[in-house]
Amino acid sequence: AAAAEPRCPSCPAGPERWLLEEVAKKQLLEKLRLRDRPRLAHAVPRAAVTRALRRLQAGGARRSPAGTGGEEEEEEEEQSYEIISFAETDLTSPSSLGLQFQFSQAQDQDLRILQAQLWLYLRVPRSGLTLRIFLASKTGAGAGGNRTLLGERRLSTAGSGWSSVPLLPGLQGFFSGHSRTLRLELDGSDVTAQLNASRSHQPFLVAKVKVREPGHRVAKR
Amino acid sequence: SLRCSQNSDLCCRRDFYVDFRDIGWNDWIIKPEGYQINYCVGQCPLHVAGSPGMASSFHTAVFNLVKANNVQASGHSCCVPTRRRPLSVLYFDRNSNIVKTDIPDMIVDSCGCS
């Protein structure tokens, strides 16, 4: 009998409840610019998600507030996103590793990248390690081919741990284009042996993105 | 702003919470666990129009003048949200990327007569 009764006398029930849930679904999908709810093809391991979120949270706490004055006002009109994308790895050459990311980039969006960092779990030898991150060309020329240097970092503290490499401003060009697959190449002295890319230590990219709606800009002018 | 009760049919805020587990969306929305989608409902008699949603201002004065002159256009007044809050969402997109975003104006905080 208790189960048959509504949760509270003033709570909507039946068709009204269904209608409100549909409104809530529609509103969320519209605001997230999604046509339908995402169907996850492959689940990301829980441990990888937890680690990545912890990294993102730590990064957010360290970041200083955004710009001031007019810039801040302008940014209020934009919707911001923070994205964590997990890499699929493949061996390009003995000294080079390919990292591939997929993005669902809606058409007609004016994206501006505020921050982008690649996180890797590495075992740094005593002699140190120099990492170079390249944006691979669309044709996938591979090591030594047509590619753009995005970031370089020298790691000198021996031991295992997470390291991050900032990828701006070189990555802005990718997000301005229409490509949805980002391919990075990782070069370093025997980097493939030093990188731990196991399921719970999957390399990931964190990007802070602002979307400017075309309507807003026209209205502003 | 009033919260709805059974004693009055005046414009008020009705609280409604959608639990993502109930609609099967908890697999792709990591946080929050649900969406507090409140809404506004109730009647707006003419004497209530313009308050409490409209602050005492030049606009209130003009609106009262219009009401006093009994212009037909002023006859309609609606119970509408007067203040909203943003909602932070952490979710998986179709490529299993984790996205965090703050969506403005998602949660109705208070209602008033337009």
Side-chain angles (χ1 to χ4, degrees), chain A residues 7-12 16-18 20-25 27-45 48-50 52-53 56-57 60 76-86 88 101-106 180-181 204-211, chain B residues 2-42 80-81 84-109 111:
Chain A
R7 290 179 199 176
C8 64
S10 61
C11 289
E16 193 187 350
R17 184 175 186 82
W18 178 84
L20 286 167
E21 284 177 352
E22 288 304 308
V23 169
K25 284 182 190 176
Q27 188 158 334
L28 271 167
L29 290 177
E30 266 177 18
K31 297 278 185 174
L32 296 175
R33 296 181 171 83
L34 297 170
R35 284 186 195 145
D36 199 359
R37 55 150 294 169
R39 308 274 169 193
L40 305 179
H42 56 275
V44 178
V49 173
T50 310
L53 291 177
L56 183 67
Q57 206 168 18
E76 277 177 12
E77 289 186 3
E78 305 165 340
Q79 193 171 340
S80 69
Y81 295 85
E82 282 178 81
I83 303 170
I84 303 178
S85 184
F86 292 92
E88 286 172 32
F101 301 90
Q102 294 288 336
F103 294 96
S104 318
Q105 198 168 307
R180 295 182 181 196
T181 305
F204 62 91
L205 189 145
V206 180
K208 190 165 184 186
V209 180
K210 287 262 184 190
V211 181
Chain B
L2 296 169
R3 284 183 72 183
C4 294
S5 72
Q6 287 173 322
N7 305 325
S8 167
D9 60 354
L10 277 182
C11 177
C12 60
R13 188 191 81 202
R14 186 163 288 173
D15 293 348
F16 184 69
Y17 180 74
V18 178
D19 192 319
F20 292 139
R21 279 173 306 180
D22 292 349
I23 59 172
W25 278 20
N26 57 327
D27 61 334
W28 70 277
I29 298 183
I30 305 165
K31 286 280 172 187
E33 288 166 3
Y35 174 25
Q36 186 74 47
I37 181 174
N38 305 330
Y39 59 102
C40 302
V41 67
V80 292
R84 300 172 197 244
R85 274 187 290 131
L87 176 75
S88 293
V89 188
L90 192 67
Y91 66 98
F92 285 111
D93 70 6
R94 352 180 235 285
N95 296 309
S96 299
N97 299 320
I98 300 172
V99 181
K100 188 227 165 199
T101 184
D102 299 316
I103 316 174
D105 300 332
M106 283 293 276
I107 301 167
V108 173
D109 242 3
C111 302

message: Can you list everything that forms a side chain to side chain contact (heavy atoms under 4.5 Å, CB included) with A/Q102? Sequence neighbours excluded, please.
response: A/Q100, A/T181, B/N95

field: Over all atoms of both residues, closest heavy-atom pair of A/P38 and B/R94
entry: CB-N, 3.8 Å

query: With chain B, which of A/L29, A/L205, A/V209 has the greatest number of heavy-atom pairs at distances under 4.5 Å?
result: A/L29

- prompt: How long is the span from the CG atom in B/N97 to the OH atom in A/Y81, to the nearest 0.5 Å?
  reply: 13.0 Å

Audit row: A/R33, B/T101, side chain to side chain contact (heavy atoms under 4.5 Å, CB included) steps and yes/no: CA-CA 12 Å; A/R33 296 181 171 83; B/T101 184; over 6 Å; no

- prompt: Given the options B/V99, B/D102, B/V89, which has more heavy-atom pairs under 4.5 Å with chain A than any of the others?
  reply: B/V99

field: B/F92 portion near chain A, given a 4.5 angstrom heavy-atom threshold
entry: both

query: Are A/L34 and B/W28 close enough that some pair of their side-chain heavy atoms sits under 4.5 Å apart?
result: yes

task: Using a cut-off of 6.0 Å, state whether more than 12 heavy atoms not belonging to A/E22 lie near its atom CD.
output: yes

- prompt: Do A/L20 and B/I37 touch side chain to side chain, with heavy atoms closer than 4.5 Å?
  reply: no

query: Can you check whether A/L28 reaches B/Y91 side chain to side chain, under 4.5 Å on heavy atoms?
result: no

field: Heavy-atom contact with chain A under 4.5 Å, split by part of B/I103
entry: both

field: Inter-residue atom distance B/Y17.OH - A/E21.CD, 0.5 Å rounding
entry: 12.0 Å

- request: Calculate, to the nearest 0.5 Å, the distance between atoms CZ and CG belonging to A/R17 and B/D22 respectively.
  value: 6.5 Å

field: Residues which pass side chain to side chain contact (heavy atoms under 4.5 Å, CB included) with B/D27, listed by chain and number, not counting sequence neighbours
entry: A/R37

